[in-house]
Engineer: 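Have a look at this one.
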Amino acid sequence: MTDEEHPAQAVGVKGVRGALARYRVLAYIVGIGLLALVAAMVVKYAFDNAAPMAVVGPAHGFVYAVYLVFAFDLALKARWSVKSTLGVLLAGMVPFVSFVVERKVTTKVRAGEKI
């Protein structure tokens with residue numbers, strides 16, 4: 001099924017397609033950044049080297065803030081419930097969860113379903 005055939009386009013909500021694309025990119029970046037953050041924490045506490053954490057920590061914090069904005073934008077355009085929105089926003093805080101939630105969100109938004 002091509003992007004032009006997705007039922008989410010028939011929903012008539014302006015900007016859902018672009019909001020979904022932005023959300024997906026940030027979900028992957030946040031997921032990778034969170035894994036890097038965990039690795040940096042292991043290096044910091046297991047090997048007493050805080051240098052990686054000094055770089056990865058603030059970078060992940062910034063990217064997570066952008067993720068929150070893009071996920072909230074998609075939630076507004078796709079008209080999610082408050083509970084679903086909070087779940088997606090929190091998904092970027094647990095390793096690997098952002099990848100799983102991104103797939104679920106993409107599938108449901110493309111099908112024109114609410115989360």
Side-chain angles (χ1 to χ4, degrees):
M1 184 180 286
T2 66
D3 284 340
E4 292 79 30
E5 297 171 348
H6 288 297
Q9 303 310 311
V11 172
V13 179
K14 185 176 181 182
V16 171
R17 185 176 176 184
L20 178 62
R22 289 186 296 275
Y23 162 77
R24 292 185 72 197
V25 168
L26 261 294
Y28 276 100
I29 292 171
V30 163
I32 292 166
L34 189 55
L35 294 175
L37 184 64
V38 169
M41 289 175 67
V42 169
V43 170
K44 178 179 179 179
Y45 294 108
F47 302 104
D48 198 29
N49 181 359
M53 191 69 183
V55 174
V56 176
H60 174 70
F62 175 77
V63 171
Y64 182 69
V66 176
Y67 167 83
L68 292 175
V69 171
F70 286 172
F72 190 70
D73 178 50
L74 178 59
L76 289 176
K77 290 178 179 167
R79 299 181 182 186
W80 297 347
S81 70
V82 171
K83 182 180 173 183
S84 297
T85 300
L86 289 175
V88 171
L89 295 177
L90 293 174
M93 296 178 72
V94 182
F96 299 107
V97 173
S98 68
F99 301 119
V100 174
V101 171
E102 181 275 327
R103 291 306 317 149
K104 181 180 175 183
V105 166
T106 299
T107 301
K108 289 199 175 257
V109 169
R110 284 184 174 167
E113 299 173 10
K114 300 230 181 210
I115 295 179

Engineer: Do you know the tightest heavy-atom contact between Ala91 and Tyr67?
Structural biologist: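 Heavy atoms only, the tightest pair is CB-OH, 3.9 Å.
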Engineer: Looking at Met53, I'd like to know if its CE atom is crowded, meaning that more than 12 non-hydrogen atoms belonging to other residues, nucleotides or ligands lie closer than 6.0 Å.
Structural biologist: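 Count over threshold, so yes.
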Engineer: Check for me, please, whether Phe62 and Val69 land in the same ILVMFWY cluster - side-chain distances under 4.5 Å, paths through other members count.
Structural biologist: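 Per the 4.5 Å side-chain linkage, Phe62 and Val69 are co-clustered.
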Engineer: According to a 4.5 Å side-chain heavy-atom criterion applied to Ile, Leu, Val, Met, Phe, Trp and Tyr, with indirect links allowed, do Leu34 and Val43 form part of one hydrophobic cluster?
Structural biologist: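 In one cluster with Leu34: Val43, no.
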Engineer: Taking the side chain as C-beta and beyond, is there a heavy-atom pair between Arg103 and Arg24 under 4.5 Å?
Structural biologist: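 Result yes, sub-4.5 Å side-chain heavy-atom pair found.
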Engineer: Would you say Val42 and Val56 are hydrophobically clustered, going by side-chain heavy atoms of ILVMFWY under 4.5 Å?
Structural biologist: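 No, separate clusters.
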Engineer: Which atoms form the tightest heavy-atom contact between Val16 and Val109, and what is the distance?
Structural biologist: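 What the structure gives for the nearest pair is CG1-CG1, 3.6 Å.
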Engineer: Look at the aromatic rings of Tyr23 and Trp80 and report parallel, tilted or perpendicular, splitting at 30° and 60°.
Structural biologist: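 Taking Trp80 first and then Tyr23, their aromatic rings stand perpendicular (interplane angle over 60°).
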Engineer: What are the two closest non-hydrogen atoms of Gly57 and Leu37, and how far apart are they?
Structural biologist: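 Looks like CA-CD1, 3.7 Å.
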Engineer: Indicate the atoms forming the closest heavy-atom contact of Asp73 with Ala19, along with that distance.
Structural biologist: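 That would be OD2-CB, 3.6 Å.
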Engineer: What do you reckon, is CZ of Phe99 surrounded by more than 12 foreign heavy atoms closer than 6.0 Å?
Structural biologist: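 Buried by this count: over 12 neighbours within 6.0 Å.
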Engineer: Do Lys114 side-chain atoms and Arg79 backbone N/O form a donor-acceptor pair below 3.5 Å?
Structural biologist: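 Looks like yes, one N/O pair under 3.5 Å.
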Engineer: Quick check: closest heavy atoms across Leu89 and Tyr64, and the distance to 0.1 Å?
Structural biologist: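 Minimum heavy-atom separation between Leu89 and Tyr64: O-OH, 2.6 Å.
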Engineer: How many angstroms lie between CG in Leu35 and NE2 in His60, if you round to the nearest 0.5 Å?
Structural biologist: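 Rounded to the nearest 0.5 Å, the CG-NE2 separation comes out at 9.5 Å.
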Engineer: As a quick check of understanding, evaluate side chain to side chain contact (heavy atoms under 4.5 Å, CB included) for Val105 and Leu20, giving each step before the final call.
Structural biologist: CA-CA 9 Å; Val105 166; Leu20 178 62; 4.3 Å; yes
Engineer: Heavy-atom distance under 4.5 Å between the side chains of Leu76 and Thr85, does that happen here?
Structural biologist: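 Sidechains of Thr85 and Leu76: no contact.
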Engineer: Evaluate whether atom OH of Tyr28 has more than 12 neighbouring non-hydrogen atoms of other residues, nucleotides or ligands under 6.0 angstrom away.
Structural biologist: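 Count over threshold, so yes.
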Engineer: Hydrophobic clustering (ILVMFWY, side-chain heavy atoms < 4.5 Å, transitive) - are Val25 and Val97 grouped together?
Structural biologist: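 Val97 and Val25: one cluster.
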Engineer: Under a single-linkage definition using a 4.5 Å side-chain heavy-atom cutoff for Ile, Leu, Val, Met, Phe, Trp and Tyr, are Val30 and Ile115 assigned to the same hydrophobic cluster?
Structural biologist: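 Yes, one cluster joins them.
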Engineer: For the residue pair Gly31 and Ser98, what are the closest heavy atoms and their distance?
Structural biologist: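 Looks like CA-OG, 3.1 Å.
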Engineer: Kindly compute the distance separating CZ (Arg17) from CZ (Arg110), expressed to the nearest 0.5 Å.
Structural biologist: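 Taking CZ in Arg17 and CZ in Arg110, the distance rounds to 9.0 Å.
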